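See below for the structure under consideration.
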Amino acid sequence: MQLENKKHCSCIIGYACINETLARTKPKSQAICVNRGMIKKTFEQRGLPYAGQLALQNLYDLEKIVRWNYAHGIRLYRMSSDMFPWASEYKIEQLPNASKIIDQLNKVGQLVKEYQQRLTFHPGQFNVLVSLSDRVVQNTIKELEFHAAVMDYMQLPQTAYAKINIHLGGAYGDKVASMKRFCKNFMLLSESVRSRLTVENDDKRSMYTVQDLYTGIYQEIQIPIVFDYLHYLCNPGPLSEREAFLLAYNTWPKDIEPIFHVSESKKILEPHAPLHAHADYITKCVDTYSKKVALMLEAKAKELAVQKYQELCC
DNA sequence: CATGGTCAAGTGGCA
DNA sequence: TGCCACTTGACCATG
């Protein structure tokens, strides 16, 4: 069974945000980091000039991570949503050092293209396109547009190849009505966001299964579904893993390899940890049911987990 | 320079 | 009712 898996395992394996090896560069002042930020008080005191400074430093380090990934054969990487501190409060063009930032985005984008890498985003839990509050929906739109603008400056494709993946974020006791709101609010987004947006199945029982997303989202607006193996385990719905996997797989355009999420529960090693807590490494190869998919590992050991998974499964 | 308290945002689950 | 966990710990005041 393990061997069977090995044969079909895709070797496009990626990780999210932090590169542990580079983050541990000594001395600490030279640690490579893409999520320099600040607390509210500091933002109020120092404003856009400091936000721009931090963002530019984050982008210089993004370039280092992209180069490191190339040198180590890693072709999938999720960018941090914290590269731009307080991004909801401004547009890139309003930063005093915008031209430097745009040049750097362009440079990293060219590099990514040359290296044939795939970069994605996964905006945070505050993005709730289904919210009942108009303020929350408006903030979500702003945030998603910011992510898309960053990708546009990098000249990444306006397709799910450069996906911006989100959860629906709320059910309010009525998933069907909530999904209708998602589809309605989806139309308020620019083409730059719409063309990249994907949705992911949830781990909570009251939230969205692959089946829910297929009928409520995909059949309405045809955006791809990201299948998360651990979330499926926590909240499978009526389908077997194979059925859920294939249903999600079929929502992707034929010329774009789906990206699916893999993590292992910490519960395996620490019985008291909650089921959805992520472990450091992935120790079992997932079944990709004879399909080619790219796997985004959500493991605390980051790029080290990628290398370990590749040895084990590819 | 090391440490620990604290940190924007939304939602659901749990004590 | 108030904390915790999410896609990732990091900032910063204090000693």
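Letters go in sequence order (proteins before strands), and every chain restarts at 1. Here the structure is a predicted model, which means the values were calculated and not measured.
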On a whole-Å scale, what distance lies between the P atoms belonging to B/dA8 and C/dA13?
13 Å

Does C/dA10 have its OP1 or OP2 closer than 4.0 Å to a side-chain nitrogen or oxygen of A/Asn35?
yes

What is the distance from CZ of A/Phe182 to P of B/dT11, rounded to the nearest Å?
14 Å

Within this structure, what is the CZ-to-P distance between A/Phe43 and C/dC11, rounded to whole angstrom?
16 Å

Looking across every strand, which nucleic acid part, if any, lies under 4.0 Å from A/Asn127 by heavy atom: base, sugar-phosphate, or nothing?
nothing

Pairing of A/Glu191 and A/Arg194 as salt bridge, 4.0 angstrom limit
yes

Look at all strands and tell whether A/Gly124 reaches a base, only sugar-phosphate, or nothing, counting heavy atoms closer than 4.0 Å.
base

Between B/dG10 and A/Thr140, is there an OP1 or OP2 to side-chain N/O distance shorter than 4.0 Å?
no

Look at all strands and tell whether A/Tyr172 reaches a base, only sugar-phosphate, or nothing, counting heavy atoms closer than 4.0 Å.
sugar-phosphate

Comparing A/Gln45 and A/Cys33 on DNA chain C - which has the more 5′ nearest nucleotide
A/Cys33

Rounded off to whole Å, could you give me the CG-to-P distance for the A/Asp174 and B/dG12 pair?
12 Å

If you compare every side-chain N and O of A/Thr42 against the phosphate oxygens of C/dC11 (OP1, OP2), does one of them come in below 4.0 Å?
no

From the list C/dT8, B/dT11, C/dG9, which nucleotide is the closest neighbour of the side chain of A/Ser81?
C/dT8

Please state how far atom CZ in A/Arg36 lies from atom P in C/dC11, giving the value in whole angstrom units.
8 Å

Just N and O in the side chain of A/Lys204: are any of them under 4.0 Å from OP1 or OP2 of C/dA5?
no

Check the distance between C/dC6's C1' and A/Met296's CE and give it to me in whole angstrom.
16 Å

Looking only at side chains, do A/Ser81 and A/His147 share a donor and an acceptor under 3.5 Å apart?
yes

Does A/Lys308 come within less than 4.0 Å of A/Asp280, counting only side-chain N to carboxylate O?
no

Counting only side-chain N and O atoms of A/Arg135, is one of them less than 4.0 Å from OP1 or OP2 of B/dG10?
yes

Is there a side-chain polar atom (N or O) of A/Lys41 under 4.0 Å from OP1 or OP2 of C/dA13?
yes

From CZ of A/Phe84 over to C1' of B/dA8, roughly how many Å is that when rounded to an integer?
18 Å

Under-4.0 Å salt bridge between A/Asp61 and A/Lys64
yes

Can you tell me the base-pairing partner of C/dC12? Count Watson-Crick or G-U wobble geometry only, both distances below 3.5 Å, and say none if there is no partner.
B/dG4

Of the listed nucleotides C/dT8, B/dA8, B/dT11, the one nearest the side chain of A/Ser88
B/dA8

B/dT6 and C/dT8, which share atom name P, separated by this distance in whole Å:
25 Å

With the stacking rule set at 5.5 Å and 30°, tell me whether A/Phe126 counts as stacking on B/dA9.
yes

Answer yes or no for A/Arg118 and A/Tyr161: cation-pi contact, defined as NZ/CZ to six-membered ring centre under 6.0 Å and angle to ring axis within 45°.
yes

Of the candidate nucleotides C/dA13, B/dG10, C/dC12, which contains the atom at the shortest distance from the side chain of A/Ile39?
C/dC12

Whole-Å distance separating the CG atom of A/Leu119 from the C1' atom of C/dT8:
16 Å

Atom C1', compared across B/dG4 and C/dC6: separation rounded to whole Å
23 Å

Categorize A/His261 for me: base, sugar-phosphate, or nothing, with a 4.0 angstrom heavy-atom threshold over every strand shown.
nothing

Say whether A/His167 and A/Asp202, considering side chains only, have a donor N or O and an acceptor N or O under 3.5 Å apart.
yes

A/Tyr15 ring centre to A/Lys302 NZ or CZ under 6.0 Å, with the angle to the axis within 45°?
no

Quickly work out the A/Leu54 CG to C/dC11 P distance and round it to whole Å.
8 Å

If we take the P atom in both C/dC4 and B/dG5, what is their distance in whole Å?
13 Å

